Amino acid sequence: MNFPENFESNRLLIRAAQWGDGAAVNEAVHESLAELSPWMPWAQVPPTVQESEASIRRSHLQFMERKDLRMLLYHKDSGQLVGSSGLHRIDWQTRKFEIGYWVRTSCSRQGYISEAVDAITDYAIRELGANRIEIRCDSRNTQSARVAGRLGFTLEGIIRNDKCDVEGALRDTMLFSKVRGMEY
């Protein structure tokens, strides 16, 4: 299946992870550990540059295999890595995708994630024929939930005791979606 590995929004270059991106991702993760660690299991221990690069290389291969579409968000003017997003939990038969995202601390509260998620949603619709796009987040993660609400995703419900949080306690998951024929 052929589709673009990069596209742009107003301020961002949104592209597939590529070999060599590990150092930039590592820098952004280290800067943002305090904000990421409550929500992201992978942000509990600061990674080495080599671990970040290995993760990028796995992501690149998964993108090429169309198993997971991790995308990095770069500011078009400065070239700085703003964060990461992408399409995950892909079901190609039904054309269902989940959008995940995180932003580096120095770029938070500037609308970059809303801009990226909106562009990725459009990409999923136009390029991938999406029938359903989901955003899932811990019910306590109000910032992530606000992104979904701001972009017109519908809160379908709260899945109780759905997962364990980073400390091992049960948590609830908010499930937002856009569905072809209803929201777009």
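Throughout, residue positions are numbered sequentially from 1 according to the sequence presented. Keep in mind the model is a prediction, meaning the values are calculated, not measured.
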Are [X] and [Y] connected in the hydrophobic side-chain network, where two residues link if heavy atoms are under 4.5 Å apart?
X: Val147; Y: Ile125; answer: yes
X: Leu155; Y: Phe153; answer: yes
X: Ile120; Y: Leu13; answer: no
X: Val82; Y: Phe7; answer: yes
X: Leu151; Y: Phe176; answer: yes

Could you give me the CA-CA distance, side-chain angles and deciding distance for Thr173 and Arg171, then say whether side chain to side chain donor-acceptor pair (under 3.5 Å) is met?
-> CA-CA 7 Å; Thr173 300; Arg171 70 157 173 100; 2.9 Å; yes

Do you know the tightest heavy-atom contact between [X] and [Y]?
X: Gln80; Y: Cys107; result: OE1-SG, 3.6 Å
X: Ala23; Y: Val49; result: CA-CG1, 4.2 Å
X: Met71; Y: Phe63; result: CE-CE1, 4.1 Å
X: Thr105; Y: Glu31; result: N-OE2, 3.4 Å
X: Arg15; Y: Tyr74; result: NH2-CE1, 3.3 Å
X: Pro38; Y: Ala34; result: CD-O, 3.4 Å

Are the side chain of [X] and the backbone of [Y] linked by a donor-acceptor contact shorter than 3.5 Å?
X: Tyr101; Y: Ser114; answer: no
X: Ser55; Y: Glu51; answer: no
X: His60; Y: Gln18; answer: no
X: Ser85; Y: Gly100; answer: yes
X: Glu115; Y: Ser9; answer: no
X: Ser37; Y: Ala43; answer: no
X: Asn131; Y: Arg180; answer: no

Of all residues at least two apart in sequence or in a different chain, which pass the side-chain hydrogen bond (donor to acceptor under 3.5 Å, both in side chains) check with [X]?
X: Lys76; value: Glu8
X: Arg136; value: Glu134
X: Arg140; value: Asp138, Asp165

Which value, rounded to the nearest 0.5 Å, describes the distance between [X] atom [atom1] and [Y] atom [atom2]?
X: Thr121; Y: Phe97; atom1: OG1; atom2: CZ; result: 11.0 Å
X: Arg104; Y: Leu36; atom1: CZ; atom2: CG; result: 11.0 Å
X: Arg89; Y: Lys96; atom1: CZ; atom2: NZ; result: 8.5 Å
X: Trp19; Y: Leu61; atom1: CH2; atom2: CG; result: 6.5 Å
X: Ser84; Y: Leu73; atom1: OG; atom2: CG; result: 6.0 Å
X: Ile99; Y: Leu87; atom1: CD1; atom2: CG; result: 5.5 Å

Ile90 and Leu128: side chain to side chain contact (heavy atoms under 4.5 Å, CB included), yes or no, with the steps?
-> CA-CA 11 Å; Ile90 298 169; Leu128 308 177; over 6 Å; no

Worked verdict on Leu170 versus Cys164 for side chain to side chain contact (heavy atoms under 4.5 Å, CB included) = CA-CA 4 Å; Leu170 285 172; Cys164 288; 4.2 Å; yes

Neighbour count >12 (heavy atoms, 6.0 Å) for atom CD, Glu65 |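 Yes, enclosed.
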
With [X], which residues qualify under side-chain contact (heavy atoms from CB on, under 4.5 Å), at least two apart?
X: Pro4; answer: Tyr123, Glu127
X: Ser108; answer: Val103
X: Ser139; answer: Asp172, Met174
X: Ser52; answer: Asn26, Pro47

For Asp122, check salt bridge (charged side-chain N to carboxylate O under 4.0 Å, His left out) against everything at least two apart and list the hits.
->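 Counting only residues at least two positions away or on another chain, Asp122 forms a salt bridge (charged side-chain N to carboxylate O under 4.0 Å, His left out) with Arg126.
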
Hits for salt bridge (charged side-chain N to carboxylate O under 4.0 Å, His left out) against Glu35, two or more places apart or cross-chain, chain-then-number order -> none

Taking NZ, NE, NH1 and NH2 as the nitrogens, is one of them in Arg70 or Asp21 under 4.0 Å from a carboxylate oxygen of the other?
-> no

Enumerate the residue pairs fulfilling salt bridge (charged side-chain N to carboxylate O under 4.0 Å, His left out) with a member in residues 144-156, sequence neighbours excluded, ordered by first and then second residue.
-> Arg132-Glu156

Could you give me the CA-CA distance, side-chain angles and deciding distance for Leu81 and Val25, then say whether side chain to side chain contact (heavy atoms under 4.5 Å, CB included) is met?
-> CA-CA 7 Å; Leu81 178 72; Val25 170; 3.8 Å; yes

Could you check Ile56 against Leu72 for side chain to side chain contact (heavy atoms under 4.5 Å, CB included), going step by step and ending with a plain yes or no?
-> CA-CA 10 Å; Ile56 286 295; Leu72 300 180; 4.1 Å; yes

Keeping to residues at least two apart or across chains, list the ring-ring contact (aromatic ring centres under 6.0 Å, His included) pairs with something in residues 28-57.
->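 Qualifying pairs, neighbours excluded: Trp42-Trp102.
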
Listed partners of Tyr112 passing ring pair (Phe, Tyr, Trp, His ring centres under 6.0 Å), at least two apart =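 Scan of Tyr112 (ring pair (Phe, Tyr, Trp, His ring centres under 6.0 Å), adjacent residues dropped) gives His75.
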
